[in-house]
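Whatever order the structure lists ligands and atoms in, that order sets their numbers, starting from 1. Please read all numbers here as calculations on a predicted model, not as lab measurements. Side chains included, hydrogens not; waters and symmetry mates left out as well; all remaining heavy atoms used.
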Amino acid sequence: MTGPRIDVDLDAIRANVRAVAELTGTPLLAVVKANAYGHGASDVARAALEGGAERLGVVDLAEAFALRAAGITAPILAWMHGARTDWLAALGAEIELGISSLAQLELLDIGLGRLEHSDRSVVVHLKLDTGLGRNGISALEWEAAFTKTAELERRGIVRLDGLFSHLAGAGHEADAAQLTSFERALALAGRCGLTPSVRHLAATAGSMTLPEARFDLVRLGVSLYGLSPFSAGADCPVALRPALALSAPIREDQRGYRVDVGHAVGLPPVAPGSLLFTDDAGADWRLVSVDALELRIEPVDADVAASENPAERDEERRLLVIDADRSASADDWAAAAGTINYEVVTRLSARIPRRPSSLGGAASAGGAGIPARTDGLAPLRELTVDVELLRTRMSERARGLAEALAEGTGARQAARMFSVDVSADAYGLGARLVADLTLEHGLLPLVATTTELAHVGEAARSSTLVDHERTRDAGTRAVYGFDGPGAHAAVSLASELVHVKRVAAGHGVSYGYDWVAEESTILGLVPLGYADAIPRRVAGRAEVVVGGRRKPIVGRVAMDQVVVDLQDQEAWIGMPVSVFGSGPQDIRLDEWAAWSGVEPRAFVAALGTRVVRRAVQGDGKVQADAR
Ligand SMILES: *Cc1c(COP(=O)(O)O)cnc(C)c1O
């Protein structure tokens with residue numbers, strides 16, 4: 001393989017499960033949400049089960065369905081649902097539901113009423129907010145929710161299997177307080193007639209630091225992948241083996257050496273010189289810069305490179321971009337970027353091929369875990385591509401081409417000047433769609449590297465130019481609307497509120513309690529996290545639009561969700577949320593780009609696989625629904 005590649009060591013996954021099982025002595029649920037933190041959901045799920053995990057956990061039903069489609073029959077728990085969830089589909093695929101509010105229990109009652117006189121019922125785990133202030137039934141609603149659940153059990157609609165909660169990791173005292181709160185909830189549930197057989201509170205960190213939090217099940221995420229949940233330097237009581245390695249060929253051009261991976265495939269912004277790498281031949285390299293599409297590197301020992309020019313070797317030399325044993329680790333990247341190892345691996349684009357390797361079990365080259373359908377299975381996370389706008393801009397470009405030819409510019413040169421760059425899957429808009437539109441307008445599509453050709457449709461491939469030097473093409477950025485402040489981008493990103501709750505003054509929100517409500521307020525939960533669209537570094541800066549008004553994201557950005565302070569905004573589950581767009585009230589893409597420290601095209605190109613892409617024509621008709 002000549003392009004970038006991710007190797008996933010499934011033996012390491014199995015070994016990590018065994019190591020944690022040995023320490024905790026508790027049954028394990030392997031968390032494989034967000035394409036298994038970027039590692040490839042179905043392969044990791046199988047390896048984790050082989051390693052001894054008994055259950056699997058994901059965020060939404062679409063992720064659960066993708067595992068079922070891959071032939072996995074183990075119990076799967078999915079704990080975040082949109083307003084229009086198809087509960088019957090969950091029952092049909094035997095997916096267990098994490099339920100986060102009284103309102104959701106009412107929705108279940110409405111959606112599954114027909115089960116009342118059948119012998120089928122859906123298995124639920126009630127998710128309780130014991131202090132994280134995020135997803136989960138708030139303490140004010142516990143009694144009502146338990147009573148409602150008992151009623152649904154009596155009517156044969158649901159079967160309660162579990163009660164669970166999630167720790168904020170805001171220090172030992174705060175975790176202990178959540179533990180006490182969880183125990184109070186268990187007692188109350190008992191008094192309401194509930195008999196949950198699986199009580200679970202701890203994820204990786206809690207399972208290691210708070211043995212009393214293990215209960216009947218531990219939900220294992222980051223440690224499954226061989227990464228520590230503790231900040232760099234803090235001791236992890238289990239020896240873990242990182243499972244993921246990213247490598248890519250070293251290329252030489254007029255400006256020096258480069259590797260064709262950048263922000264567009266999810267690598268975070270880092271300062272020049274902040275990372276050192278090794279290549280597969282053992283030579284050392286220093287990071288010069290990262291941009292949307294590439295890393296620039298220079299040899300640490302200049303003599304070595306001069307005497308053995310990597311570009312002239314017969315064999316391709318690969319830079320180990322992430323490799324814990326031999327080069328920069330995910331922890332090194334996280335330290336350089338001011339983030340956590342979770343984000344570094346999870347944001348790696350599904351466009352980079354994954355190659356699972358294993359000595360001990362069957363490995364398959366499973367796909368990126370992209371579900372076949374998401375309607376009714378996942379909360380709304382939708383990228384809309386404005387095809388009419390792309391057409392208009394391409395027509396302008398076609399006129400430019402005609403003028404250049406009339407002025408006597410050579411045909412070859414003109415074709416290049418007016419080509420449209422469709423690298424990085426057309427920066428997330430879909431290379432097939434954009435390349436076809438380009439040809440329709442008499443223009444040529446262009447990609448940076450031959451590996452990028454994989455995303456261009458069969459029909460357009462033979463007409464597509466391959467040219468690395470296209471990166472300074474401002475004209476292409478104008479087609480997409482990626483060119484400068486206030487530009488009207490051809491894409492917009494929409495979501496919905498999946499949870500709304502009122503909290504009292506003093507209520508902390510999300511991991512670490514970085515944000516605490518100053519006064520009583522209404523919080524909304526948006527099902528987009530750093531796996532999807534919202535990098536961690538925008539915390540404290542970013543806003544979204546709800547009900548036509550800008551509302552701040554508060555607390556830390558989690559992998560799957562963010563909390564929005566709605567203040568006095570009237571709000572409901574299913575209420576539309578605009579992340580960026582070009583409407584009068586919308587936040588522009590370039591504002592998000594500035595908050596996140598990457599260019600607009602890289603920001604869109606790095607959106608995760610749970611974001612569904614829809615191309616809409618001028619008449620509102622949906623042309624394609626694929627990602
Ligand atoms: C992601 C997640 C986990 C896994 O957490 P780690 O810190 O990665 O072990 C566990 N439980 C819930 C509810 C989660 O969302």
What atoms of ligand 1 come within less than 4.0 Å of a heavy atom belonging to Gly221? 4 (C), 6 (P), 8 (O), 9 (O)
If you count the non-hydrogen atoms of other residues, nucleotides and ligands that lie under 6.0 Å from CD in Glu143, is the total more than 12? no
Just to verify, which of Asp161, Leu163, Leu108 counts as forming a side-chain contact (heavy atoms from CB on, under 4.5 Å) with Val124? Leu108
Please write down residue, atom name and distance for the protein heavy atom closest to atom 7 (O) of ligand 1. Tyr342 OH, 2.7 Å
Hey, which atoms in ligand 1 end up nearer than 4.0 Å to a heavy atom of Trp79? 12 (C), 13 (C), 14 (C), 15 (O)
Students should be able to answer this: which protein heavy-atom is nearest to atom 5 (O) of ligand 1, and at what distance? Ala203 CB, 3.4 Å
Lys33/Glu63 under salt bridge (charged side-chain N to carboxylate O under 4.0 Å, His left out): CA gap, chis, key distance, verdict: CA-CA 7 Å; Lys33 62 189 181 186; Glu63 293 180 309; over 6 Å; no
Please state whether the rings of Phe603 and Phe580 are parallel, tilted or perpendicular, taking 30° and 60° as the class boundaries. perpendicular
Residue Tyr37 vicinity, atoms of ligand 1 by number, heavy atom under 4.0 Å: 1 (C), 4 (C), 5 (O), 6 (P), 8 (O)
Between Lys501 and Glu141, does a salt bridge (charged side-chain N to carboxylate O under 4.0 Å, His left out) hold up when you go through it step by step? CA-CA 10 Å; Lys501 69 173 129 196; Glu141 280 189 347; over 6 Å; no
Is it the side chain (CB and beyond), the backbone, both or neither of Met559 that lies under 4.0 Å from ligand 1, heavy atoms counted? neither
Could you identify the single nearest non-hydrogen protein atom to atom 2 (C) of ligand 1 and state the distance to 0.1 Å? Lys33 NZ, 2.6 Å
Using every non-hydrogen atom in the two residues, find where His200 and Leu217 come nearest and quote the distance to one decimal. CB-O, 3.3 Å
Can you sort out which atoms of ligand 1 are near Thr204, meaning under 4.0 Å from one of its heavy atoms? 6 (P), 9 (O)
Rounded to the nearest 0.5 Å, what's the gap from CG on Leu23 to CZ on Arg214? Could you check? 5.0 Å
Do Thr521 and Asp565 have side-chain atoms, one donor and one acceptor, less than 3.5 Å apart? yes
Less than 4.0 Å is my threshold; does some heavy atom of His166 fall inside it relative to ligand 1? yes
In this structure, atom 11 (N) of ligand 1 is nearest to the protein heavy atom Arg219 NE, 2.7 Å
Taking N or O atoms only and a 3.5 Å limit, does Val222 qualify as a polar contact for ligand 1? yes
